[in-house]
Amino acid sequence: MSLSEQIKPISYLKAHAAEIIRTLGDRPEPLIITQNGEAKAVVQDIDSYERTQETLALLKMLALGDRQIEAGEVQPAADVFARLRERYKAE
């Protein structure tokens, strides 16, 4: 299905809300809702939304790691594991 078929005015959403909700699981594509000719909202199924949120979380962690590497805020893995072993032995 082309993207242009996934763009609907808000009046379509109002008139077909129940149908849209029923078919979201069958179509993984998001539905873009426009108001006065401008894109204003995206409607998608919950599984796609959760996958998107998980992907964003992983990308944020990678970006944070990159910033820490660039700032020199890293330690050799061997040192970290040695400290963890010592901490575990102490307990």
Side-chain angles (χ1 to χ4, degrees):
M1 189 173 289
S2 72
L3 182 60
S4 63
E5 293 176 28
Q6 293 302 109
I7 301 173
K8 302 291 183 191
I10 197 166
S11 58
Y12 181 85
L13 175 64
K14 291 176 182 177
H16 300 93
E19 175 188 343
I20 291 169
I21 298 300
R22 269 195 309 276
T23 60
L24 277 177
D26 299 334
R27 286 188 285 170
E29 301 92 9
L31 180 64
I32 300 164
I33 304 298
T34 62
Q35 185 176 36
N36 299 324
E38 292 185 34
K40 293 291 184 175
V42 175
V43 179
Q44 67 184 121
D45 67 285
I46 191 68
D47 290 335
S48 295
Y49 175 79
E50 287 175 342
R51 282 193 306 273
T52 299
Q53 294 304 306
E54 290 170 1
T55 300
L56 286 173
L58 289 171
L59 289 171
K60 286 178 182 179
M61 284 189 270
L62 288 171
L64 175 61
D66 284 344
R67 283 195 303 272
Q68 288 174 331
I69 290 169
E70 289 172 2
E73 299 171 354
V74 294
Q75 300 174 13
D79 294 350
V80 173
F81 287 125
R83 281 197 312 275
L84 289 172
R85 283 186 197 96
E86 288 301 317
R87 216 182 274 174
Y88 179 71
K89 287 178 186 177
E91 292 176 3

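Values below: all heavy atoms of this structure, side chains included; hydrogens, waters and symmetry mates excluded.
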Contacts of Y12 meeting side chain to side chain contact (heavy atoms under 4.5 Å, CB included) (sequence neighbours excluded), chain-then-number -> K8, P9, H16, E19, I20

Could you state the interatomic distance from CG (L24) to CG (L31), rounded to the nearest 0.5 Å? 7.5 Å

Listing request: all ring pair (Phe, Tyr, Trp, His ring centres under 6.0 Å) pairs with a residue in residues 37-68, at least two apart in sequence or in separate chains. none

Looking at every non-hydrogen atom in both residues, tell me the closest pair between P30 and Q6 and how far apart they are. O-NE2, 3.2 Å

Determine which pairs satisfy ring pair (Phe, Tyr, Trp, His ring centres under 6.0 Å) with at least one residue from residues 53-91, sequence neighbours left out, and list them in order. none

Shortest non-hydrogen pair, Q75 vs V80, comes out as OE1-CG2, 3.7 Å

Determine, using the 4.5 Å side-chain heavy-atom cutoff (strictly less than), whether L13 and I21 are members of one ILVMFWY cluster. yes

Could you give me the CA-CA distance, side-chain angles and deciding distance for R87 and K89, then say whether side-chain contact (heavy atoms from CB on, under 4.5 Å) is met? CA-CA 5 Å; R87 216 182 274 174; K89 287 178 186 177; over 6 Å; no

Any residue meeting side chain to side chain contact (heavy atoms under 4.5 Å, CB included) with I10, in chain and number order, not counting sequence neighbours: K14, I33, Q35

Distance-only donor-acceptor hits, side chain of residues 51-69, under 3.5 Å, sequence neighbours excluded:
from: R51; atom 1: NH2; to: S48; atom 2: OG; distance (Å): 3.3
from: T52; atom 1: OG1; to: S48; atom 2: O; distance (Å): 2.9
from: T55; atom 1: OG1; to: R51; atom 2: O; distance (Å): 2.9

With sequence neighbours left out, write down each residue that passes side chain to side chain contact (heavy atoms under 4.5 Å, CB included) with E50, or none if nothing qualifies. I46, D47

Test side chain to side chain contact (heavy atoms under 4.5 Å, CB included) applied to D79 - qualifying residues, sequence neighbours left out: P76, R83

